[in-house]
Amino acid sequence: MSKVLIIEDEEAIASLEKDYLELSGFEVTIETDGARGLALALNEDFDIFILDLMLPGVGGYEICKRIREEKDVPILMVSAKKDDIDKIRGLGLGADDYITKPFSPSELVARVKAHLSRYERLIGSGAVKNDVITIRGLKIDKTARRVWVNGVETQFTTKEFDLLTFLAENPDHVFTKEELFRKIWNMDSVGDIATVTVHIKKIREKIEFDSSHPQYIETIWGVGYRFKA
Ligand code: CA
């Protein structure tokens, strides 16, 4: 069931929208205050946002911009004035659609459905986001197998990449060299656990500002390594 968040301070309008959307099978949440609406939008998962422009607390322009910075889901903006629509477009806030009050609730439902199916098609066509890990100045794109250190793309060998990614995905967990060797090189590989030490050294040279005071991969003496969260 698709989840809709309505951020709208006019309660009569909000509940009318909610009734129609629920009749069409949507799960609907209403928030009447801009600041609370923004917090909810950023912290919980919704499939589409219906956002009024004039709101107490934080306004619709700001909410739209903030949601778009973090989420790739449709935003439908609602305004009382036709003039505002040009303004919203001009600001390039990333809204997907605009509707002017008063509107018919069935028109709203139709647009919500259209945007949801368009987004589903986009995801279905492979336009999905890459799986990316970001920790401080380190960015690892698992899908593309690329790494950036403080914004500069840096080359890693296959095993260095696998080892770095494994550690970064399991922060604050101490792994022994044996565990890392088994995990990355498999049991049947030729080599020994000294290989792990060599690879850690090479990774540090690439990601650490000062290898003798590592900020990412710590040595836990007598045990192994830990990636700092
Ligand atoms: Ca309003």
Side-chain angles (χ1 to χ4, degrees), residues 1-136 139 141 143 151:
M1 190 189 291
S2 294
K3 289 174 73 183
V4 184
L5 175 61
I6 297 172
I7 308 178
E8 169 64 74
D9 59 321
E10 287 173 72
E11 289 181 29
I13 292 178
S15 51
L16 185 67
E17 292 172 355
K18 183 175 195 269
D19 289 346
Y20 270 79
L21 288 163
E22 283 180 345
L23 279 173
S24 296
F26 294 99
E27 188 184 326
V28 183
T29 305
I30 294 174
E31 183 51 74
T32 54
D33 173 79
R36 285 200 306 269
L38 175 59
L40 193 61
L42 296 180
N43 294 324
E44 284 187 27
D45 285 336
F46 293 95
D47 299 295
I48 186 164
F49 299 101
I50 299 173
L51 178 58
D52 184 34
L53 193 60
M54 300 300 289
L55 288 164
V58 182
Y61 291 116
E62 178 67 16
I63 295 174
C64 181
K65 191 164 131 277
R66 294 285 306 281
I67 292 175
R68 188 47 80 229
E69 281 167 5
E70 297 196 21
K71 304 217 167 183
D72 191 19
V73 296
I75 302 172
L76 207 165
M77 292 199 79
V78 178
S79 165
K81 289 185 284 180
K82 272 208 161 58
D83 295 352
D84 287 335
I85 291 179
D86 293 331
K87 200 171 158 193
I88 300 168
R89 282 210 181 94
L91 287 169
L93 298 170
D96 293 83
D97 201 358
Y98 322 88
I99 193 165
T100 315
K101 293 176 191 173
F103 49 81
S104 83
S106 45
E107 165 77 10
L108 179 80
V109 171
R111 293 206 195 183
V112 165
K113 285 181 177 169
H115 284 290
L116 284 172
S117 60
R118 189 174 63 83
Y119 265 65
E120 277 157 19
R121 275 201 309 277
L122 280 177
I123 289 167
S125 71
V128 278
K129 285 201 165 164
N130 283 9
D131 191 357
V132 175
I133 306 168
T134 308
I135 299 168
R136 298 187 293 280
K139 183 176 144 191
D141 185 332
T143 317

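From a predicted model like this one, the values you see are computed outputs, not experimental measurements. Just so you know, these numbers use all the heavy atoms, side chains as well, and skip hydrogens, waters and symmetry mates. FYI, the numbering just counts along the sequence from 1. In each ligand, atom 1 is the first atom listed, and ligand 1 is the first ligand listed.
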For Glu11, look at atom CD and say whether over 12 heavy atoms of other residues, nucleotides or ligands are found less than 6.0 Å away.
-> no
Quick check: are there more than 12 heavy atoms from other residues, nucleotides or ligands sitting under 6.0 Å from OH of Tyr98? yes
Protein-side N, O or S atoms sitting under 3.0 Å from the Ca ion (ligand 1) are Asp9 OD1, Asp52 OD2, Met54 O
Heavy-atom closest pair (Val58 atom, Ile63 atom, distance to 0.1 Å) is O-CD1, 3.5 Å
So salt bridge (Lys or Arg N to Asp or Glu O under 4.0 Å) across residues 12-28, not counting sequence neighbours, yields Lys18-Glu22
Tyr61 meets the ring-ring contact (aromatic ring centres under 6.0 Å, His included) criterion, sequence neighbours left out, with none
Residues 28-51 vs ring-ring contact (aromatic ring centres under 6.0 Å, His included), sequence neighbours excluded, gives Phe46-Phe49
